[in-house]
Amino acid sequence: MTAIFMVCAIVGSVIVLVQFVMTLTGMGHDFDGEVHDLGGDVHVDTDHVDHGEGSHFFSVLSFRTVTAALAIFGLTGLSAKTAGVSDATTILMALAAGAVALFAVAWVMRFMMGLRDDGTVHIERAVGHQGTVYLTVPAGHAGAGKVFLNLQSRTVECQAVTTSKESIPTGVPVVVVGIVGPNTVEVECVREETPIHA
């Protein structure tokens, strides 16, 4: 058993150390799925797994979590053997420590993923949001003006058109009523009865 624990501890620790170094050097930044290098994660497709206790277990499996669990399993086993603990107790302790490491690393990775923000503004979410014209919007789709919108907790600049029979001058508050293109919205002047999203 000592040899097994030692192999697990060495292999797991070396891989974890390599992953850590690669992350520090910017080579291990891929956390989203496919394995492109030793720093990547194995994506387990849980869409085809029955949603129950089994699916939760498989959802935490990745290259990082498994190698961390392997390292802790081996190190705990070696420590227990060195302390003179019986084989049965040593195995139970090693398995328990490995399982804790597996779920702890999975939780940390999910937490870090939750903190990550790619900064992408989704223009389709602009409908119903208020903005302010800063470049006159021509009447009747005759051309595009520009507006500032508060979207996803940031101020963004978009091109704007309107079906209104009158142009909308600079400084007038407007509301987005439709999406025309990747960076173009359709706006109308704000009216009291127009519901506005915060």
Roughly how far, to the nearest 0.5 Å, is [atom2] of [Y] from [atom1] of [X]?
X: Ile10; Y: Phe5; atom1: CD1; atom2: CZ; result: 13.5 Å
X: Cys8; Y: Ile72; atom1: SG; atom2: CD1; result: 12.0 Å
X: Met6; Y: Leu78; atom1: CE; atom2: CG; result: 5.5 Å
X: Glu186; Y: Thr162; atom1: CD; atom2: OG1; result: 6.5 Å
X: Leu135; Y: Phe148; atom1: CG; atom2: CZ; result: 10.0 Å
X: Lys146; Y: Thr170; atom1: NZ; atom2: OG1; result: 12.0 Å

Treat each ILVMFWY residue as a node, draw an edge where side-chain heavy atoms are under 4.5 Å apart, and state whether [X] and [Y] are in one component.
X: Ile4; Y: Leu92; answer: no
X: Val100; Y: Leu70; answer: no
X: Val187; Y: Tyr134; answer: no
X: Leu75; Y: Ile91; answer: no
X: Val133; Y: Ile179; answer: yes

Tell me, with the steps shown, if Glu188 and Ile168 meet side chain to side chain contact (heavy atoms under 4.5 Å, CB included). CA-CA 8 Å; Glu188 291 181 354; Ile168 306 176; 5.8 Å; no
Can you name the closest pair of heavy atoms from [X] and [Y] and give their distance?
X: Gly12; Y: Ala71; answer: C-CB, 3.6 Å
X: Ala68; Y: Ala101; answer: O-CB, 4.2 Å
X: Gly143; Y: Pro138; answer: O-CD, 3.6 Å
X: Thr65; Y: Val105; answer: CG2-CG1, 3.8 Å
X: Leu149; Y: Gly131; answer: CD2-CA, 3.6 Å

Test item: Thr67 side-chain N/O and Arg64 main-chain N/O as donor-acceptor pair under 3.5 Å: yes
Check for a donor-acceptor pair, side chain of Thr132 on one end and backbone N or O of Gly171 on the other, with a separation under 3.5 Å. no
Would you indicate whether Glu166, at its atom CD, is surrounded by more than 12 heavy atoms from other residues, nucleotides or ligands within a distance under 6.0 Å? no
